[in-house]
A.B. asks: 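Please see the structure below; I have some questions.
Numbers here are sequence positions counted from 1.
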Amino acid sequence: VKVEVDVATTHLTIVEVRPPWDGKGEPTRFPIARLRWNMATRLWTLYWRDRNLKFHEYSRATPSARLQRLLDVVDRDETSIFWG
């Protein structure tokens, strides 16, 4: 299993990448979390992904100017909402 980041203009998406189940074809890419940048406030906001692949603001982490602070929240995953 690998972890990658998809970069867009205003957000970063943390993606879990797994090899193909049958050893052939493309790897499976599964979004775990999203970090959105707000240019007006100059803050990052953390979002979690539901089973329908929709993102929702993670209320247990306040927006932050420090991206690493939110990455640490995802890594610790105290509620098991990101990594299960």
A.B. asks: Start with the C-alpha gap between Thr28 and Val17, add the side-chain angles, then the distance that decides, and say whether side chain to side chain contact (heavy atoms under 4.5 Å, CB included) holds.
C.D. replies: CA-CA 6 Å; Thr28 302; Val17 182; over 6 Å; no
A.B. asks: Short question: side chain of Asp50, backbone of Asn52 - any donor-acceptor pair under 3.5 Å?
C.D. replies: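 Indeed, once roles are kept as given, a pair shorter than 3.5 Å links the two residues.
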A.B. asks: Could you work out, with ring pair (Phe, Tyr, Trp, His ring centres under 6.0 Å) as the rule, every residue matching His56, not counting sequence neighbours?
C.D. replies: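 His56: ring pair (Phe, Tyr, Trp, His ring centres under 6.0 Å) contacts with Trp48.
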A.B. asks: Side chain to side chain contact (heavy atoms under 4.5 Å, CB included) for Arg42 and Trp37? Distances and angles first, verdict last.
C.D. replies: CA-CA 7 Å; Arg42 303 188 60 79; Trp37 173 249; 3.8 Å; yes
A.B. asks: If you count heavy atoms of other groups shown closer than 6.0 angstrom to CZ of Arg69, is the number above 12?
C.D. replies: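 Count over threshold, so yes.
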A.B. asks: Assess, by modelled atom type and distance only, whether the side chains of Thr45 and Tyr58 contain a donor and an acceptor separated by less than 3.5 Å.
C.D. replies: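 Distance-only check fails for Thr45 and Tyr58.
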A.B. asks: Considering non-hydrogen atoms only, spot the tightest contact between Phe82 and Asp77 and give its length.
C.D. replies: N-OD1, 3.1 Å
A.B. asks: Verify the neighbour count for atom CD of Glu26: are there more than 12 heavy atoms of other residues, nucleotides or ligands below 6.0 Å?
C.D. replies: no
A.B. asks: Do Arg60 and Val73 have side chains that approach each other closer than 4.5 Å (heavy atoms only, starting at C-beta)?
C.D. replies: no
A.B. asks: Is there a path of hydrophobic side-chain contacts, each under 4.5 Å between heavy atoms of I/L/V/M/F/W/Y residues, joining Leu12 to Leu53?
C.D. replies: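 Same cluster.
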A.B. asks: Can you name the closest pair of heavy atoms from Gly25 and Pro20 and give their distance?
C.D. replies: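 It is O-CG, 3.3 Å.
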A.B. asks: Please identify each residue that fulfils side chain to side chain donor-acceptor pair (under 3.5 Å) with Arg34, with sequence neighbours left out.
C.D. replies: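 Expected list: Thr13.
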A.B. asks: Would you say Val7 and Ile32 are hydrophobically clustered, going by side-chain heavy atoms of ILVMFWY under 4.5 Å?
C.D. replies: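 Yes.
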A.B. asks: Is it true that a side-chain atom of Asn38 and a backbone atom of Leu43 form a donor plus acceptor pair closer than 3.5 Å?
C.D. replies: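 No, because the side chain of Asn38 does not come within donor-acceptor range (under 3.5 Å) of the backbone of Leu43.
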A.B. asks: Is Phe30 reachable from Phe55 through a run of I, L, V, M, F, W or Y residues, each pair having side-chain heavy atoms under 4.5 Å apart?
C.D. replies: no
A.B. asks: Does a side-chain heavy-atom distance below 4.5 Å link Val3 with Ile14?
C.D. replies: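 SC-SC contact between Val3 and Ile14 confirmed.
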A.B. asks: Got a sec, which residues hit side chain to side chain donor-acceptor pair (under 3.5 Å) with Ser80, two or more places apart in sequence or on another chain?
C.D. replies: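 If we apply the side chain to side chain donor-acceptor pair (under 3.5 Å) test to Ser80, skipping adjacent residues, there are no hits.
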A.B. asks: Does the ring of Tyr47 carry Arg36 above it, NZ/CZ under 6.0 angstrom from centre and within 45° of its axis?
C.D. replies: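 Relative to the ring axis of Tyr47, which defines the angle, Arg36 lies inside both limits.
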A.B. asks: Measuring only between side-chain heavy atoms, which start at C-beta, is Asp72 closer than 4.5 Å to Leu70?
C.D. replies: no
A.B. asks: Answer whether the closest heavy-atom distance between the side chains of Glu16 and Arg29 falls below 4.5 Å.
C.D. replies: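 No. Closest side-chain heavy atoms not under 4.5 Å.
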A.B. asks: Measure the shortest side-chain to side-chain distance between Leu71 and Leu46 over non-hydrogen atoms and say whether it is less than 4.5 angstrom.
C.D. replies: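 Leu71 vs Leu46: side chains apart.
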A.B. asks: To check you understand the geometry: which heavy-atom pair defines the closest contact between Trp44 and Ala65, and what is its length?
C.D. replies: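 For Trp44 and Ala65, the tightest heavy-atom pair comes out as CD1-O, 4.0 Å.
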A.B. asks: Does Arg49 reach the main-chain N or O of Lys54 with its side chain, forming a donor-acceptor pair under 3.5 Å?
C.D. replies: no
